[in-house]
Amino acid sequence: MNWRKPAYLGYARLRGYRFPGLLREYTAAYEAGAGWELTRELLGRLLSHCREAVPYYAELLSRHQAETVANEPLVALRELPPLTKTVIRAQFTRLQSRDNPGRHCQINTSGGSTGEPVALVQDDAYRDRSAALRWFSLRLLGCEAGQRHVWLWGSERDLESHTRSAKARLFNWLTHETWLNAFQMSPAAMRRFICILNDARPRLILAYAQAACELARFAERENLEVAPQRLIVTSAGTLYPFMRETIRRVFACEIANLYGSREVSDIAWELPGTAGMWAPPWANFIEILDERGRPVPPGTEGNIVVTSLTNYAMPLLRYWIGDRGALLPGNGGAQVLSHVSGRTVDTFRRRDQTLVDGEYFTHLLYHRPWVGKFQVLQKSHDRLLYRIVLSDGRPPAAELEEVAARSRLAMGADCRVDFEFLGELPPPPSGKHRYTISEVAV
């Protein structure tokens, strides 16, 4: 019997949190087959609020009648310009709702992994809905509140908020959570993590994609005994196919990828036995746009643009989140991402502006025993730099030339390809290792 779930949710209600009731609401909506009609209703409600209470959007939406905004929200939404981090910084005050003094707002920040930090305003209602959404996603993945699960996580603020205070430790005990610091992946720490996972056998493990892959590679390299796990949910970074393959091989379990961001909470996740990444209809509305901000057909990759349906304190309408992906065609009105291919800045550009997926270059280093860790940088339209931490001696010259030649096939015959061999790649402040980085301005 899972006594922890009612104890935890009951305690949360006593503390004044609304997410237990929202969790019931989301569960009922899912079981009733909620889809586009619910999204349309929530979108109309949000845009009506923006027209009346958010100065930046009130000006843009004033050309539409209130009835149009409420009843035909897509018409009004698609006439709005995409919202970028630059606009958020320039319009920070005008993007906030006039009724925020009564909303118990806090400032959140995001964007450290791309070098473009941005401040956002979020209120208690948004945070409650984000918590309900997270518990709902874990429930669909087979882990109810109160059942044992482990976080292999790298956000210092998340780690501190979930481990430092007495309240946080009580919540961890009630929810049966264990937190492991993905920022401290020394050999000794990784051995300890493997021991914890072997003993705990949790319902699921939520992990930074890169941290899960590094832990799997370490266990394999050190020939450590690893107990089969039930499910690993990866997030906070692109899950490349080679990473999924490595994690699945070592931990002998299925992998589910969760896509979200600190700006808009969880966006979509993989469900066992289904294609793509399902986006719950009450959380966000997703569009895929080309480089000029025009919608692309389902199945076509482009820039992911997200409208958060839950943040009324500082609404993000058509937020250009900085990732690339595609929507899966069909699905009866439900929004399903076929894939998320990574950050926009991880896509390389030829001089003629042809886009080359960064994953092409990661494939060139798969299964080469001399590659420990790596990063591929596009320094200019006609120069690539491979930064490599060696794991097994010097690389054969023929293999380096093969990598260089295949790189030129994608980037052009005149592309210069350099290799730099390092003792270690310094970790980024966000903890999210990026395998490919383009330094070429769009």
Side-chain angles (χ1 to χ4, degrees), residues 2 4-6 8-10 12-13 17-46 73-74 124-149 175-177 202-206 230-235 254-261 263-287 298 304 306-312 316 325-340:
N2 180 17
R4 293 173 187 263
K5 178 179 177 179
Y8 167 63
L9 296 178
R13 280 191 292 268
Y17 294 100
R18 294 182 59 239
F19 70 81
L22 290 166
L23 180 58
R24 289 195 305 271
E25 176 186 317
Y26 293 167
T27 302
Y30 178 77
E31 292 174 350
W36 164 245
E37 283 305 313
L38 176 58
T39 301
R40 187 195 63 77
E41 177 187 339
L42 295 173
L43 194 57
R45 195 181 304 170
L46 175 66
L74 271 185
D124 285 349
Y126 170 84
R127 288 187 290 276
D128 272 319
R129 291 192 177 279
S130 296
L133 185 64
R134 174 55 55 88
W135 283 118
F136 178 76
S137 68
L138 297 189
R139 177 179 178 272
L140 289 187
L141 291 167
C143 181
E144 295 276 6
Q147 293 179 321
R148 186 71 180 267
H149 57 287
T175 57
H176 225 178
E177 290 181 334
R203 284 296 181 115
L204 57 78
I205 301 163
L206 298 104
R230 292 185 169 113
L231 177 70
I232 296 179
V233 180
T234 59
S235 191
E254 287 303 308
I255 315 300
N257 196 25
L258 188 153
Y259 174 51
S261 79
E263 299 101 304
V264 297
S265 191
D266 292 351
I267 299 171
W269 55 84
E270 294 175 336
L271 295 174
T274 64
M277 305 175 74
W278 176 73
W282 51 81
N284 295 283
F285 176 68
I286 303 168
E287 300 173 84
I304 299 175
V306 178
T307 294
S308 170
L309 303 174
T310 58
N311 187 353
Y312 278 62
L316 302 180
L327 284 168
L328 200 65
N331 297 296
Q335 289 201 299
V336 179
L337 285 163
S338 64
H339 68 277
V340 177

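Owing to the predicted nature of the structure, the values given are computational and were not obtained by experimental measurement.
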What residues, two or more places apart in sequence or in another chain, satisfy side-chain hydrogen bond (donor to acceptor under 3.5 Å, both in side chains) together with [X]?
| X | result |
| --- | --- |
| Y126 | none |
| T234 | N257 |
| S338 | none |

Would you tell me whether Y17 and R127 have side-chain atoms, one donor and one acceptor, within less than 3.5 Å of each other? no

For residues I304 and Y259, determine if any side-chain heavy atom of one lies less than 4.5 Å from a side-chain heavy atom of the other. yes

Do L22 and F136 come within less than 4.5 Å of each other through their side chains, counting heavy atoms only? no

Which atom of L38 lies closest to which atom of A29, heavy atoms considered: CD2-CB, 4.5 Å

Please give me the minimum heavy-atom distance between A34 and P281, naming the atom from each residue. O-CG, 3.6 Å

Does [X] have any salt bridge (Lys or Arg N to Asp or Glu O under 4.0 Å) partners at least two apart in sequence or in another chain, and if so, which?
| X | result |
| --- | --- |
| E41 | R45 |
| R230 | none |
| R18 | none |
| D266 | R134 |

Would you say S308's side chain and V264's backbone share a donor-acceptor pair under 3.5 angstrom? no

With rounding to the nearest 0.5 angstrom, report the [atom1] to [atom2] distance, [X] to [Y].
| X | Y | atom1 | atom2 | value |
| --- | --- | --- | --- | --- |
| L271 | M277 | CG | CE | 9.5 Å |
| L204 | L141 | CG | CG | 6.5 Å |
| H339 | L327 | NE2 | CG | 10.0 Å |
| I232 | I205 | CD1 | CD1 | 4.5 Å |
| T39 | L46 | OG1 | CG | 12.0 Å |
| S130 | N311 | OG | CG | 8.5 Å |

Do any pairs count as a side chain to side chain donor-acceptor pair (under 3.5 Å) and have a residue in residues 268-285, sequence neighbours left out, and if so which ones? R244-E270

Determine, step by step, whether L258 and S137 satisfy the side chain to side chain contact (heavy atoms under 4.5 Å, CB included) criterion, reporting the C-alpha distance in whole Å, the side-chain angles of both residues, the deciding distance to 0.1 Å, and the verdict. CA-CA 9 Å; L258 188 153; S137 68; 4.2 Å; yes

In chain order, what residues pass the side chain to side chain contact (heavy atoms under 4.5 Å, CB included) check against [X], with sequence neighbours excluded?
| X | result |
| --- | --- |
| E254 | L231, R248 |
| N2 | R4, K5, E144, Q147 |
| R24 | R13 |
| A131 | F19 |

Picking from R203, E177, H176, what satisfies side chain to side chain donor-acceptor pair (under 3.5 Å) with H149? E177

Candidate pair F285 and R40, rule side chain to side chain contact (heavy atoms under 4.5 Å, CB included), full reasoning: CA-CA 9 Å; F285 176 68; R40 187 195 63 77; over 6 Å; no

Using side chain to side chain contact (heavy atoms under 4.5 Å, CB included), reason through L140 and Y30 one step at a time and then give a plain yes or no. CA-CA 10 Å; L140 289 187; Y30 178 77; 3.7 Å; yes

Between V340 and I267, is the side chain to side chain contact (heavy atoms under 4.5 Å, CB included) condition met? List the steps. CA-CA 11 Å; V340 177; I267 299 171; over 6 Å; no

